[in-house]
Structures are given as C-alpha cells and as structure tokens.
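Here's the structure, in structure tokens; my notes come after.
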Amino acid sequence: MLRFILELFRIIAIIFILGSVLGALVNVFYASMEINLDNTTGGWFVGVAILLLLFVLYRNRLQFSGFYKGKGKEKLSKKISVSLICFSIVMIVLAPFFR
C-alpha cells in the first residue's frame, strides 16, 4: 500500500514538473511568433496535448522505474502510442486557431 501511495505522489510530481516545463516551452515557442494562448480555448488544447504526451511517456517508460511493483504494468501498443503522440502534436499546432 505504501508503494502505491509513493507512486501516486511520483505521478503527481511528474505531471506538475514536466507539464510545467513543456507548457513553458510551448508558450515560449508561440511567444516568439507573437501569439498569446493565455485565456483562450487554445490554451486548453495545449494542456490536454501535454497531458496526453505525459501519459504516453509514463506508460511506455516511467512506470517501470517507479515504486510500484504490482501487476498490470505493460507498455502501450505502438499503434496507440503513435496515434496519441500525433494527436497531441496536431492539438498543439492547431491551438492558436481556437480563440
């Protein structure tokens, strides 16, 4: 039970830290093109895209190096991983068009 709680805190930390870094990178990228995504629907698109990317990263890499050693740990299929990554990239690219 303790390992599960530690893994849950690890997941939350990964989402906050890596999500913040990725969000800042996207903001810097769009700010360099003088596009502001703050307080727009496009900002939500970027947020969801980053969460999808973190989900793929966790399921394919990070879950195998954590505290939890239980059953059910397997990678996403290649097809699902590629689909989610492509969908995330499309959402990030299309974000400025949704205001």
Side-chain angles (χ1 to χ4, degrees):
M1 182 68 176
L2 180 63
R3 288 182 184 264
F4 175 77
I5 293 171
L6 287 173
E7 186 67 19
L8 190 60
F9 283 129
R10 181 175 172 257
I11 292 169
I12 292 169
I14 288 169
I15 289 172
F16 279 123
I17 294 169
L18 289 179
S20 297
V21 169
L22 289 173
L25 287 174
V26 171
N27 270 344
V28 166
F29 174 73
Y30 279 126
S32 69
M33 294 187 292
E34 299 180 1
I35 298 173
N36 186 8
L37 292 179
D38 296 336
N39 300 325
T40 65
T41 307
W44 283 95
F45 272 51
V46 171
V48 171
I50 289 172
L51 286 175
L52 285 174
L53 290 172
L54 290 175
F55 174 72
V56 172
L57 176 67
Y58 181 80
R59 284 293 305 265
N60 288 343
R61 298 286 176 171
L62 299 177
Q63 75 174 336
F64 302 110
S65 64
F67 297 106
Y68 185 67
K69 303 295 181 198
K71 299 176 185 175
K73 292 170 43 171
E74 60 184 59
K75 288 184 174 185
L76 294 173
S77 70
K78 184 115 174 143
K79 184 178 179 181
I80 291 175
S81 295
V82 170
S83 298
L84 288 174
I85 291 170
C86 289
F87 185 65
S88 295
I89 291 171
V90 167
M91 287 177 68
I92 290 172
V93 169
L94 292 179
F97 299 109
F98 292 95
R99 294 208 174 252

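If you read the sequence from its start, that first residue is 1, and numbering goes on from there.
Residues L25 and F29 have side chains not in contact (no heavy-atom distance under 4.5 Å, counting atoms from C-beta outward). Between L57 and L18, the closest side-chain pair of non-hydrogen atoms falls below 4.5 Å.
Listed for the E7 side chain is no donor-acceptor partner under 3.5 Å among the backbone atoms of R3.
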query = Can F55 and L51 be said to form a side-chain contact (heavy atoms from CB on, under 4.5 Å), step by step?
reply = CA-CA 6 Å; F55 174 72; L51 286 175; over 6 Å; no

inquiry  = Show, in sequence, the C-alpha distance, side-chain angles and deciding distance for F45 and T41, and conclude whether the side-chain contact (heavy atoms from CB on, under 4.5 Å) test is met.
reply    = CA-CA 7 Å; F45 272 51; T41 307; 3.9 Å; yes

key: Evaluation steps, side-chain contact (heavy atoms from CB on, under 4.5 Å), between T40 and L37   = CA-CA 6 Å; T40 65; L37 292 179; 4.2 Å; yes

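Atom CG of N39 sits in a sparse spot, with 12 or fewer heavy atoms from other residues, nucleotides or ligands closer than 6.0 Å.
F64 contributes atom CZ, which lies 10.0 Å from atom CG of L62 (distance to the nearest 0.5 angstrom). Between atom CG of residue N60 and atom CD1 of residue I85 there is a gap of 7.5 Å, rounded to the nearest 0.5 Å. Here the CD1 atom belonging to I15 is positioned 6.5 Å from the CG atom belonging to L54, to the nearest 0.5 angstrom.
Checking each of K75, E74, K73 against R59 for a side chain to side chain contact (heavy atoms under 4.5 Å, CB included) leaves exactly one that passes, namely E74.
The list of side chain to side chain donor-acceptor pair (under 3.5 Å) pairs with a residue in residues 12-31, not counting sequence neighbours, is empty.
When all heavy atoms are compared, the tightest approach of I50 to L22 is CD1-C, 3.8 Å. Scanning all heavy atoms of the two residues, the minimum distance from A49 to S88 falls at O-OG, 3.3 Å.
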